[in-house]
Every structure is written in structure tokens, then in C-alpha cells.
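See structure below.
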Amino acid sequence: MKIVSVYKLKDRLLIHPDSRTTAGIWIATEPFLPLPLNSSSSDIGTAVSVALKGSSDRAPHPSDWRAIAEPRL
């Protein structure tokens with residue numbers, strides 16, 4: 001299964017893949033793709049396609065939760 005998350009923030013869209021770890025939980029993974037709120041449907045679709053390619057079903061389970069959150073922030 002492949003999963004992508006799309007968030008509408010106050011100043012941008014944030015699109016990223018979600019991956020299931022070897023322990024079975026879903027986590028946000030790179031690439032984190034920020035887009036302007038006024039992005040075209042085509043640009044959003046391209047970002048979603050890129051994010052889908054980054055979603056995996058066997059990501060290593062994190063040992064440092066702060067480190068995996070850093071790229072998203």
C-alpha cells in the first residue's frame with residue numbers, strides 16, 4: 001500500500017509520503033514537498049506522484065523520533 005498526506009497550512013500546501021515501518025506503524029517520510037496555496041492542479045498532481053514513489057512498506061523503524069521530524073519542520 002502507498003499513502004500520501006496533503007496538508008493545507010495557512011501559507012502553503014505540504015505534501016509527503018507516509019511509510020510503514022518494520023514495526024508496523026505509519027510515519028511521515030521524505031520528500032516533504034511544500035507548494036504555494038495557489039498551485040495548479042497539475043503541480044499538485046505532480047507532487048502527489050513524486051510522494052507516492054517515496055512511500056514504502058518496509059521503512060526502518062526510527063530510534064530517534066526527533067531526527068525523523070526535523071526534515072518536516
- prompt: Which atom names give the shortest non-hydrogen contact between Gly54 and Ser19, and what distance separates them?
  reply: O-OG, 3.6 Å
field: Hydrophobic cluster identity match, Met1 and Val6, side-chain contacts under 4.5 Å
entry: no
statement: Heavy-atom nearest pair, Ala28 first then Asp18, reads CA-OD1, 3.5 Å
task: Write down the atom of Val50, the atom of Leu33, and the distance for their closest heavy-atom approach.
output: CG1-CD1, 4.0 Å
- prompt: Can any side-chain N or O of Ser55 pair as donor or acceptor with the backbone N or O of Leu52 at less than 3.5 Å?
  reply: no
task: Look at atom NZ of Lys53 and say whether more than 12 heavy atoms of other residues, nucleotides or ligands are closer to it than 6.0 Å.
output: no
Separation of Asp43 CG from Leu35 CG (nearest 0.5 Å): 6.5 Å
field: Distance in Å, Asp57 CG paired with Ile3 CD1, rounded so as to fall on 0.5 Å steps
entry: 9.0 Å
Lys10 to Leu37 - nearest heavy-atom pair and separation: O-CD1, 3.4 Å
- request: Give a yes or no on whether the backbone of His61 and the side-chain of Thr21 come within a donor-acceptor separation of less than 3.5 Å.
  value: no
- line: All heavy atoms of Ile15 vs all of Ala47, minimum pair found to be CD1-CB, 3.7 Å
field: Plane angle bin for Phe32 and His16 - parallel if under 30°, tilted between 30 and 60°, otherwise perpendicular
entry: tilted
- prompt: Does Pro17 offer a backbone N or O that forms a donor-acceptor pair with the side chain of Thr29 under 3.5 Å?
  reply: yes
- request: Looking only at non-hydrogen atoms, find the nearest pair between Leu14 and Pro34 and report the distance.
  value: CD1-N, 4.1 Å
